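Everything numeric here is computed off the predicted structure, so don't read it as measured data.
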Amino acid sequence: MASVCLQLLAFVLAFCGVSGVLAATLLPNWMVNLDTGSSVITAIVQLQGLWMDCTCYSTGMLSCTLKFSVLSLPAHVQAARAAMVLACVLAASGLCTSTVGLQCIRLGGGRESKSHASFAGGLCLVTAGISGLVPAVWYTREIIANFLDLTVPESNKQEPGGAVYIGFMAALLLLVSGTIFCTFGLKKDPEAWPPPPKQQPRPAKPEGSSAYHLKDYV
């Protein structure tokens, strides 16, 4: 019973991780720059994401521009795009595969097939977590280096946005859930997996039931 609850917990963590990776990929606030201008009334918040840049004015109006050109983007943005898309694909695949390895459902066959499905799904989730962690760390490094650079004007310095924090949390959830599923895939404890039904042995045929006896030939 404890193993089933642990697998369900890993499944919930994996689902939250997949949702977080998708949200971090689509959100436009990877970098945030607040330009107050001459007064608070003219304050402008500039948001930079992987796919679009948005500008939020103090009046409440939001203007966004899509990034159509790929070659004009910086190297860290191109790498972050590829890594986050790969993380989304691997996370979705790992979630579907690990579902087959759950003990509480009949889908997936016997103990051995469920063990393999659990390990494969966990491996995909761990790989997705690493793939989603790389762009979050890279963006954070670029933002900190730009913030500490004395040659950059104060108005051009940026801070990490909410998408970076969501990416960190989603990657952590995927790593934890993937590790749990991989552990169940490698575990050989009979308590972790229900044993297969035992076949009843056939009763031995008595020797006196033969059609002919040896004394008939004497």
Heavy-atom closest pair, residues [X] and [Y]:
X      : Y      : answer
Leu125 : Gly178 : CB-CA, 3.7 Å
Thr97  : Gly121 : CG2-N, 3.7 Å
Gly129 : Ala171 : O-CB, 3.4 Å
Ala10  : Ser177 : O-CB, 3.2 Å

Roughly how far apart are [X] [atom1] and [Y] [atom2], rounded to 0.5 Å?
X      : Y      : atom1 : atom2 : answer
Ser98  : Phe181 : OG    : CZ    : 4.0 Å
Ser93  : Leu123 : OG    : CG    : 12.0 Å
Ser118 : Gln103 : OG    : CD    : 8.5 Å
Leu95  : Cys124 : CG    : SG    : 11.0 Å
Met52  : Ser63  : CE    : OG    : 11.0 Å

With clusters defined by side-chain heavy atoms of hydrophobic residues (ILVMFWY) lying less than 4.5 Å apart, directly or transitively, does [Y] cluster with [X]?
X      : Y      : value
Met84  : Val164 : yes
Ile130 : Leu174 : no
Ile44  : Met61  : yes

Got a sec, which hydrophobics cluster with [X], joining ILVMFWY side chains under 4.5 Å apart, including via others?
X      : answer
Ile144 : Phe147, Leu148
Leu150 : none
Leu90  : Leu86

Side chains of Ile180 and Leu6 in contact at under 4.5 Å (non-hydrogen atoms): yes
Flag side-chain contact, heavy atom, 4.5 Å: Leu47 against Asp53: no
Please tabulate, one pair per line, all N/O donor-acceptor pairs under 3.5 Å involving side-chain atoms of residues 132-143, not counting sequence neighbours.
unit_1: Trp138; atom_1: NE1; unit_2: Glu142; atom_2: OE2; d: 3.3
unit_1: Thr140; atom_1: OG1; unit_2: Ala136; atom_2: O; d: 2.7

Look only at the side chain of [X] and the backbone of [Y], and say whether a donor-acceptor pair between them is shorter than 3.5 Å.
X      : Y      : result
Thr183 : Thr179 : yes
Lys114 : Leu102 : yes
Gln48  : Asn33  : no

Pair up each side-chain donor or acceptor in residues 11-32 with any protein partner under 3.5 Å, not counting sequence neighbours, and list the distances.
unit_1: Ser19; atom_1: OG; unit_2: Phe15; atom_2: O; d: 3.0
unit_1: Thr25; atom_1: OG1; unit_2: Val21; atom_2: O; d: 2.7
unit_1: Trp30; atom_1: NE1; unit_2: Ala24; atom_2: O; d: 2.8

Donor-acceptor pairs under 3.5 Å, side chain of residues 72-83 to any protein atom, not counting sequence neighbours: which ones?
unit_1: Ser72; atom_1: OG; unit_2: Ser69; atom_2: O; d: 3.4
unit_1: Ser72; atom_1: OG; unit_2: Ser69; atom_2: OG; d: 3.0
unit_1: Gln78; atom_1: NE2; unit_2: Val70; atom_2: O; d: 2.7
unit_1: Gln78; atom_1: NE2; unit_2: Leu73; atom_2: O; d: 3.1
unit_1: Arg81; atom_1: NE; unit_2: Leu50; atom_2: O; d: 2.7
unit_1: Arg81; atom_1: NH2; unit_2: Leu50; atom_2: O; d: 3.0
unit_1: Arg81; atom_1: NH2; unit_2: Lys67; atom_2: O; d: 3.2

